[in-house]
Amino acid sequence: MTNVERFNPHVADARWQKIWEERSSFVADDNSTKPRAYVLEMFPYPSGRIHIGHVRNYTMGDVLARYKRMTGHEVLHPMGWDAFGMPAENAAMEKKVHPGGWTRDNIANMKAQLKRLGFAIDWTRELATCEPEYYGHEQALFLKLYAAGLVYRKESAVNWDPVDMTVLANEQVIDGKGWRSGAPVERRKLSQWFLKITDFAEELLVGLGSLDQWPDKVRLMQENWIGKSQGLKCRFRFPGGDDGIDVFTTRPDTMFGASFIAIAADHPVAQKLAANAPDLQDFIAECRKGGTTAADIETAEKLGFNTGLTVEHPLDPSWHLPVYVANFVLMDYGTGAVFGCPAHDQRDLDFARKYHLPVTRVVADGDVTDSSFEGNVAYTNPGVIVNSHWMNGMTVDQAKADVIAKAEKEGWGQGQTQYRLRDWGVSRQRYWGTPIPIIHCQACGAVPVPNDQLPVKLPEDVSFDIPGNPLDRHPTWSKVDCPKCHQEARRETDTLDTFVDSSWYFIRFASQPHDKPFDRAAAEKWLPVDQYIGGVEHAILHLLYARFWTRALSHIGMIDVKEPFASLFTQGMVTHQTYQDAKGTWLSPDQVRRDGDIWTIIDSGAPAVAGRIEKMSKSKKNVVDPDDIVDQYGADAVRWFMLSDSPPERDLEWSEAGIEGCWRFVQRLWRLTSQVSGADGVDKALDRKTHQIIAGVGADIEALAFNKAVAKIYDLANAIEKAAPSASRDTAIRTIVTLSAPMVPHLAEEAWTQLGAASGGGIIADAPWPQVNPDLLVEDEVTIAIQVKGKLRDTLTVAKGLPQTEVEALALASQKVQHAIDGADIRKIIVVPDRLVNIVL
RNA sequence: GCGGAUGUGGCGGAAUGGUAGACGCUACAGACUUAAAAUCUGUUGUCCUUUUGGGCGUGCGGGUUCGAGUCCCGCCAUCCGCACCA
């Protein structure tokens, strides 16, 4: 074997990164006539360092972007920073630094880290959401939606820390307590801004049907999130009056099984009663304990308070039902009141058993039709209606329709479509976010900031010494004159949810004029994003908000795009083994050493325990810093690892052995490229393999099945190594360099130059993807499996397309087959052409 | 509580209803070397068998089918999300 110098990434990486930059290789041309491809990965939050998860995400996008370039597309592959958010304020409090300075330093560091990985990014379009050039346009868009009636204000609950006197994010609530103060968190109401996403509920739901290149699970999650249901809204009247409690139910068929009415603590009826009832006030206060998350509310013990009120049953006014205030009823959903049918709803049954309320069966459980209901498991399956007067004998669906029809005819209720989706609360009581461009005036109310006064910039001189929103405390910032009446007024001091920032950045990437958020024509040329890649944790919120925002902009005529992301891919996390010492203190991987199955701490020699494989996190010390591994192995080995083995949608376990293996393969590929012999002759088998793999790798990359593409490249490398020198082999070597170029671009460029392929001055980033010759894909021999009673007994290698009768004869001629048949009668023979024969006895 | 997903050798994983374990990692044996590294060759699901070979194997239990990792029904286990983390 020729003795070749090893591939040295420390020289090659930087060399090629510089050349790509000098040639502006990855700058997208808005005026190109080529077919376009917009490849986008979810932009990172600038937390300080690039995480290995980012590396995986961006490597996937990069392979696709580079592949698209090689297949003749004009590619837009931009990068930016989701730069507003709480960590910057936490850093400000802990480290006494300004959130802006901290964020911008982080961006500089992370950008340098990304550049070392050689991503084919158009850096000319870089943006950061914390800069007024970005958020000023966002304020303009917000005001356009406001003008269109899609923004409004209402009271809504927040997590309130009574000691720190501040609003807490769900994340800052640990076991129902404030993360800094440790005080039990309360739910408190504040007046906040909302976007009318519910106006688009039906559109967003129907639109999911067109997203056939999204994962089914994400579409299903969004469908459930929107939560469309059909039901009945009806009034349970107070005896003798027209007033009453409006209830929404999806089970009007079970109305004769009702045993109580439950209303939310925030329901107006509860509020009114509480004014004169201290014990109810106490109960309502009790309900407000705990966080605002669904899990908190749903898993809290079901508690009720009997108000003493009763209401008439609409189907039988002489039948009165008690009214409870209950902690599991949400004011935000439906009407904030439900009727309880304990026999056929688990939550209602738990409640009824606890408060000794009647439980009446109204849906038969098979043959069981008794009106009395035993046990503590509700019956929620379909069945025949029983114990319900005229409805007896109907199916559930018939009864639903019947009750709704009756309610509408008699005027006490109507059929209604209900969505679980709630309007999007965008107010945040925080500094480091986009200021909401509204001025509150005593006389004029909420007044939009005039367009020529945008952007409303964040003040720089703020302090984080005390908790709460520094904008609130700022001596001058919020003091302004009303744009309408010029009287003294006050700026809105809440800022926008950072999800607003990420709801339109993909449009700004496509078009970034200075004087407006985007140029419609330019943006429409690129949008929708052809391939969007990011973490599954964004499956609902970010993706739903971005879909909504795009539709809202479309609704007001700013852009003719309905769905922002044509194809979506959600990648898995990067995990790593965890280690602990005997006391349970977490150890980093470089603190421990493995001897067989035994782990020891390197410094002390004490035993260590290898624990679960978990998502990399600082607290468990199982993180690997991308800079360190790029230092050690170079960008290409790291990229190769990110693509190998695990399917991209699943978790990938980081391992030393794995990266070592990738490093070895990079070197092996490099050695292969020095083996071009100049020999003559055709190697038909190798040609076929090469072309099968060209076709396979292309298809795998298009399907984002990078692990399979990687396996095929290994396969080709193995075949080349085994083959004798020939012209075919030399071609295969050039081909494998091209095929691996999207994955290991630095090595590929270096090899491309060495192979003399770049004699015209070209680089592999601009080279075309190899053409598949379909004639070479065809096999002339096939191996056929011979089964007897479905069990494999032999295999036969025959000419492709051999007639069925001949295949059968050959199969029966096999000794192993005859042995397995053992003289029994053959009932039939199943032949799958060119694949298999199954002899059925 | 509600919702979603996953389960195949020692490990990560392949497999249009048609030869289960491609490809990689690990481990073991051998070659080269004064030695090590690097590299190369081979073996590596499991049990039985002297061999040819055979039995069993895709979380568990059923079913459909000539044929099931794949389709259907019912379980079990694990992981993830739940509206103010991004």
Side-chain angles (χ1 to χ4, degrees), chain A residues 1 6 42-45 47 82 84-87 156-159 167-173 192 197 215-218 220-221 223-225 227 291-300 302 328 332 346-347 350 420-430 497-499 501-502 535-542 544-545 573 614-615 644-647 649-653 655 657-658 660-662 664-665 667-668 671 705 707-708 710-715 717-718 721 783-795 815-816 819 827-830 832 835-841:
Chain A
M1 196 192 115
R6 310 187 99 205
M42 292 178 186
F43 65 164
Y45 177 78
S47 57
D82 190 11
F84 275 136
M86 283 202 309
S156 172
V158 293
N159 298 307
V167 174
L168 297 177
N170 282 339
E171 189 189 54
Q172 299 170 317
V173 180
Q192 309 201 63
I197 191 171
D216 287 344
K217 68 168 175 177
V218 174
L220 188 61
M221 283 163 88
E223 190 181 320
N224 290 331
W225 192 255
T292 58
T293 72
D296 285 342
I297 292 164
E298 298 289 331
T299 54
K302 309 285 175 279
F328 61 83
D332 293 324
Q346 191 59 47
R347 204 164 49 179
D350 295 342
R420 202 183 73 99
L421 183 69
R422 310 203 298 256
D423 274 335
W424 175 13
V426 293
S427 292
R428 297 292 181 274
Q429 297 69 38
R430 273 183 260 287
D497 180 3
T498 57
F499 275 122
D501 309 335
S502 54
V536 71
E537 67 273 21
H538 293 293
I540 299 173
L541 293 183
H542 161 59
L544 190 65
Y545 292 150
M573 298 181 299
E614 295 196 60
K615 180 182 180 179
S644 302
D645 294 347
S646 283
E649 68 277 12
R650 280 208 227 157
D651 289 354
L652 170 69
E653 189 195 344
S655 74
E660 290 282 349
C662 293
R664 282 201 298 273
F665 181 72
Q667 295 301 338
R668 192 173 147 207
R671 283 195 304 276
N707 59 321
K708 294 188 216 168
V710 162
K712 288 189 175 80
I713 289 172
Y714 274 115
D715 207 0
N718 290 342
E721 282 177 349
T783 303
I784 292 180
I786 315 298
Q787 298 179 335
V788 177
K789 287 195 290 184
K791 275 193 192 299
L792 182 73
R793 294 299 170 182
D794 201 0
T795 58
Q815 259 194 354
K816 292 173 190 169
H819 182 75
R827 288 226 313 257
K828 63 174 163 175
I829 299 179
I830 294 189
V832 181
R835 286 207 70 103
L836 166 141
V837 176
N838 189 10
I839 297 161
V840 187
L841 302 180

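Below, chain A is the first sequence line, B the second, and so on; all start at residue 1.
- Lys708(A) comes within 4.0 angstrom of sugar-phosphate atoms only, judged by non-hydrogen atoms across all strands, and of no base.
- One finds no side-chain N or O of Thr795(A) lying less than 4.0 angstrom from the OP1 or OP2 phosphate oxygen of U19(B).
- The distance from atom CZ of Arg6(A) to atom P of A37(B) is 13 Å, rounded to the nearest whole Å.
- Protein atom CE of Met573(A) is 18 Å distant from nucleotide atom P of C85(B), rounded to whole Å.
- Whole-Å rounding puts the Phe328(A) CZ to G1(B) C1' distance at 12 Å.
- Contact annotation: Arg422(A) side-chain N/O to A83(B) OP1/OP2 distance is not under 4.0 Å.
- Comparing A86(B), G4(B), C84(B) by their nearest atom to the side chain of Gln192(A) picks out C84(B).
- Distance CG (Asp794(A)) to C1' (U52(B)): 13 Å, rounded to an integer number of Å.
- For C25(B), the OP1/OP2 oxygens have a side-chain nitrogen or oxygen of Arg664(A) closer than 4.0 Å.
- Among the nucleotides C84(B), C40(B), G18(B), the one closest to any side-chain atom of Leu836(A) is G18(B).
- Using N1 to N3 plus N6-O4 or O6-N4 for Watson-Crick, or N1-O2 and O6-N3 for G-U wobble, each under 3.5 Å, G9(B) pairs with nothing.
- Here Arg430(A) does not reach the OP1 or OP2 of C84(B): none of its side-chain N or O atoms lies under 4.0 Å away.
- Glycosidic torsion of G9(B) falls within 90° of 0, placing the base in syn.
- The residue Pro87(A) sits apart from the nucleic acid: no heavy atom pair falls under 4.0 Å.
- Between Val710(A) and Asn224(A), the residue anchored closer to the 5' end of RNA chain B is Asn224(A), taking for each the nucleotide with the nearest heavy atom.
- For Met221(A), counting side-chain heavy atoms from C-beta on, the closest listed nucleotide (U19(B), G24(B), G4(B)) is G4(B).
- Residue Glu653(A) is out of contact with every strand shown, counting any heavy-atom pair closer than 4.0 Å.
- In terms of phosphate contacts, Arg650(A) brings a side-chain nitrogen or oxygen within less than 4.0 Å of OP1 or OP2 of G7(B).
- Residue Lys816(A) places at least one side-chain N or O under 4.0 Å from the OP1 or OP2 atom of G53(B).
- Taking atom C1' on both nucleotides, G12(B) is separated from G67(B) by 30 Å, rounded to a whole Å.
- Using a 4.0 Å heavy-atom cutoff across all strands shown, Leu220(A) reaches sugar-phosphate atoms only and no base atom.
- Checking the phosphate oxygens (OP1, OP2) of G55(B), no side-chain nitrogen or oxygen of Lys791(A) falls inside 4.0 Å.
- Remark: P of A15(B) and CG of Asp715(A) are 13 Å apart, rounded to the nearest angstrom.
- As rounded to whole Å, 20 Å separates atom P of C23(B) from atom CG of Leu652(A).
- Residue Ser502(A) is out of contact with every strand shown, counting any heavy-atom pair closer than 4.0 Å.
- Of the side-chain N and O atoms in Asn838(A), none sit less than 4.0 angstrom from OP1 or OP2 of G18(B).
- Nucleotide U19(B) holds its P atom 16 Å from the CZ atom of Arg793(A), rounded to whole Å.
- With hydrogens and angles left out, the side chain of Glu660(A) and the base of C25(B) share no donor-acceptor pair within 3.5 Å.
- Among the nucleotides C23(B), G4(B), G18(B), the one closest to any side-chain atom of Lys217(A) is G4(B).
- With A86(B), G18(B), A22(B) as the candidates, the nucleotide lying closest to the side chain of Ala711(A) is A22(B).
- In this structure, of A86(B), G24(B), A20(B), it is A86(B) that holds the atom nearest to the side chain of Glu537(A).
- No hydrogens or angles were tested; on distance alone, a donor-acceptor pair under 3.5 Å links the side chain of Asp645(A) to the base of G12(B).
- Counting non-hydrogen atoms under 4.0 angstrom, His542(A) reaches nothing in the nucleic acid.
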